[in-house]
> 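What follows is a structure written as structure tokens; I'll ask about it next.
What you see below is based on every heavy atom in this structure, not just the backbone, and it leaves out hydrogens, waters and symmetry mates. Chain identifiers are assigned alphabetically (A, B, ...) following the order of the sequence lines, protein sequences preceding nucleic acid strands; residue numbering begins at 1 within each chain.
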Amino acid sequence: MEAGPEDWDRHLLDENTFTQNFRNDHNPSKTYLCYQVELSDGSSGVPLDQDKDIVQNEGGRGQHAELFLLEHIHSRNLDQKLSYKVTCFLSWTPCEKCAEEIIRFLAKNRHVSLSILASRIYTMGPYVKGLRRLYDAGVHISIMTFRDFEYCWQTFVDHQETPFQPWADLDRRSQQLSQQLWAILQKEPEGWTSVCL
DNA sequence: ATTTTCAAT
């Protein structure tokens, strides 16, 4: 009697859920994804109650969060004559399989561009290849900084007027992960897959 | 300083 897909849809996260899942000095075993959709000119191009949402991976061996994002966007039937920008804040970077699905989706939906901002780099499996392919496919991908966490907090969290409170190592971790991501994206496609910094 | 990671014995 558990959890249908509707149960993972939240328009706002509670404070603890956000912090526990997005802080970059922990490694929780689930993934949250906060996204928003706008017209490429910066204004919201979708009905107000749909311009942003939050999804989470399905439990167990279920579907990853990114696939819910693609389903959501697909179901919105965004106007083919307009250009949309989807910004997505992920607590973990996509796995290779999700990266492939994202690339396939974007190839079929040329009017949609995607920016990924991730808190942490998911390093299981052939993750380097997946991130590189996203990058090569034109997806903006970067590591969340203080400003991004703060924006997420203000936009997707039921913060009750509480200002965002960074954890101790936020900036240092963010910089480390950014360097690591940079090394991954600059790496020669056929190079070694281990990235040591 | 690196982490053990879209969990479950």
Side-chain angles (χ1 to χ4, degrees), chain A residues 1-11 13-14 16-36 52-74 86-106 114-135 139 141-146 148-149 152 156-157 166-187 192-197:
Chain A
M1 55 177 286
E2 290 315 318
E6 293 78 11
D7 293 287
W8 300 303
D9 292 356
R10 299 282 188 273
H11 291 285
L13 285 169
D14 69 75
N16 287 336
T17 303
F18 174 78
T19 303
Q20 286 166 13
N21 284 283
F22 273 89
R23 53 185 300 167
N24 55 15
D25 59 348
H26 286 187
N27 297 309
S29 298
K30 50 190 168 182
T31 297
Y32 277 82
L33 187 163
C34 306
Y35 71 91
Q36 66 185 73
K52 65 173 184 178
D53 208 349
I54 297 159
V55 293
Q56 184 197 348
N57 69 289
E58 202 170 29
R61 297 265 164 88
Q63 182 163 281
H64 281 185
E66 295 88 331
L67 301 185
F68 287 115
L69 168 70
L70 297 183
E71 287 177 2
H72 279 210
I73 297 174
H74 179 71
V86 176
T87 305
C88 130
F89 299 92
L90 266 167
S91 60
W92 287 111
T93 51
C95 72
E96 192 200 21
K97 188 167 173 291
C98 287
E100 296 294 346
E101 292 299 326
I102 291 168
I103 290 165
R104 191 170 301 138
F105 178 89
L106 293 174
L114 179 65
S115 288
I116 291 175
L117 297 96
S119 173
R120 303 173 300 264
I121 298 174
Y122 185 70
T123 60
M124 298 296 288
Y127 71 107
V128 171
K129 219 190 310 180
L131 294 180
R132 268 209 62 96
R133 285 187 184 152
L134 281 171
Y135 182 70
V139 175
I141 172 165
S142 62
I143 296 298
M144 290 172 72
T145 63
F146 174 87
D148 301 317
F149 288 114
C152 249
F156 297 103
V157 176
W167 44 96
D169 268 353
L170 187 157
D171 288 322
R172 201 174 57 84
R173 286 291 293 147
S174 176
Q175 285 166 17
Q176 287 175 343
L177 289 163
S178 291
Q179 285 186 358
Q180 186 182 358
L181 178 65
W182 220 74
I184 290 168
L185 298 183
Q186 297 306 316
K187 213 107 178 124
W192 292 94
T193 54
S194 62
V195 175
C196 307
L197 293 176

> How long is the line joining NZ of A/Lys30 and C1' of B/dT4, in whole Å?
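Atom NZ in A/Lys30 sits about 17 Å away from atom C1' in B/dT4.
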> A/Cys98 near the nucleic acid: base, sugar-phosphate alone, or nothing, with a heavy-atom cut-off under 4.0 Å?
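The residue A/Cys98 makes no contact with any strand.
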> Ignoring hydrogens and angles, does a donor from either the side chain of A/Thr123 or the base of B/dT5 sit under 3.5 Å from an acceptor on the other?
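Donor-acceptor pair under 3.5 Å: yes.
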> Quick one: closest heavy-atom pair of A/Met144 and A/Phe89, and the distance?
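In this case the closest contact between A/Met144 and A/Phe89 is CE-CD2, 3.9 Å.
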> Can you tell me the distance, in whole Å, between the CG atom of A/Asn21 and the P atom of B/dT5?
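That distance rounds to 14 Å.
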> What nucleic acid atoms does A/Gln63 come within less than 4.0 Å of, heavy atoms only: base, sugar-phosphate, or nothing?
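The residue A/Gln63 makes no contact with any strand.
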> What is the nucleic acid contact for A/Arg61, judged by heavy atoms within less than 4.0 Å: base, sugar-phosphate only, or nothing?
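Here A/Arg61 touches the backbone only, sparing every base.
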> Between P on B/dA1 and CG on A/Leu177, what's the gap in Å once rounded to a whole number?
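Computing the A/Leu177:CG to B/dA1:P distance gives 16 Å.
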> Check each residue of residues 86-94 of chain A for a non-hydrogen atom within less than 4.0 Å of any atom in DNA chain B, then write out the ones that pass by number, or none.
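Within this stretch, A/Trp92, A/Thr93, A/Pro94 sit under 4.0 Å of the strand.
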> For a quick test of reading the model: is some side-chain N or O of A/Tyr32 closer than 4.0 Å to OP1 or OP2 of B/dC6?
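For A/Tyr32, the contact criterion (side-chain N or O under 4.0 Å from OP1 or OP2 of B/dC6) is not met.
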> Could you give the distance from CD1 (A/Ile54) to SG (A/Cys88), rounded to the nearest 0.5 Å?
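A/Ile54 CD1 to A/Cys88 SG: 12.0 Å, rounded to 0.5 Å.
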> Give the nucleotide from the list B/dT2, B/dT4, B/dC6 with an atom nearest to the side chain of A/Asn27.
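Of B/dT2, B/dT4, B/dC6, B/dT4 is nearest to the side chain of A/Asn27.
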> Quick check, are the ring centers of A/Trp92 and A/Tyr127 under 6.0 angstrom apart?
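No - the distance between ring centres of A/Trp92 and A/Tyr127 does not fall below the 6.0 Å cut-off.
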> Supply the atom-to-atom distance A/Phe22 CZ to A/Leu90 CG, rounded to the nearest 0.5 angstrom.
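Answer rounded to 0.5 Å: 7.0 Å.
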> Write down the distance between CG (A/Asp25) and P (B/dT5), rounded to a whole number of angstrom.
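Distance check: A/Asp25 CG to B/dT5 P gives 15 Å.
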> Looking only at heavy atoms, which two atoms of A/Thr123 and A/Gln180 are closest? And how far apart?
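Closest approach of A/Thr123 to A/Gln180: CG2-NE2, 4.3 Å.
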> Any idea which heavy atoms bring A/Ser119 and A/Ser91 closest together, and the distance?
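Result for this residue pair: CB-O, 3.6 Å.
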> What's the gap between B/dT9 and B/dT5 when it is taken at their P atoms, as a whole Å value?
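One P to the other, the span is 14 Å.
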> Specify the separation, in whole Å, of atom CD1 of A/Ile121 and atom C1' of B/dT4.
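About 14 Å, once rounded to whole Å.
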> Indicate the atoms forming the closest heavy-atom contact of A/Gln20 with A/Pro28, along with that distance.
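Distance-wise, the nearest heavy atoms are O-CG, 3.6 Å.
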> For the pair made of CZ in A/Arg172 and C1' in B/dT2, what is the distance, rounded to whole Å?
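Those two atoms, CZ and C1', are 8 Å apart.
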> Can you find a donor-acceptor N/O pair under 3.5 angstrom joining the side chain of A/Arg120 to the base of B/dT3?
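Result: no qualifying N/O pair found.
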> When the distance from NE2 of A/His26 to P of B/dC6 is rounded to whole Å, what number comes out?
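Value for this atom pair: 16 Å.
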> In terms of side-chain heavy atoms of A/Met124, which of B/dT3, B/dC6, B/dT5 is nearest?
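For A/Met124, the side-chain atoms sit closest to B/dT5.
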> In whole angstroms, how far is the P atom of B/dT5 from the CD atom of A/Gln20?
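Going from A/Gln20 (CD) to B/dT5 (P), I get 16 Å.
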> Is A/Lys97 paired with A/Glu100 through a side-chain N to carboxylate O contact shorter than 4.0 Å?
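So A/Glu100 does not pair with A/Lys97 through a salt bridge.
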> Of all the nucleotides listed (B/dT2, B/dC6, B/dT5), which has the minimum atom distance to the side chain of A/Glu66?
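Nearest to the side-chain atoms of A/Glu66, counting from C-beta on, is B/dC6.
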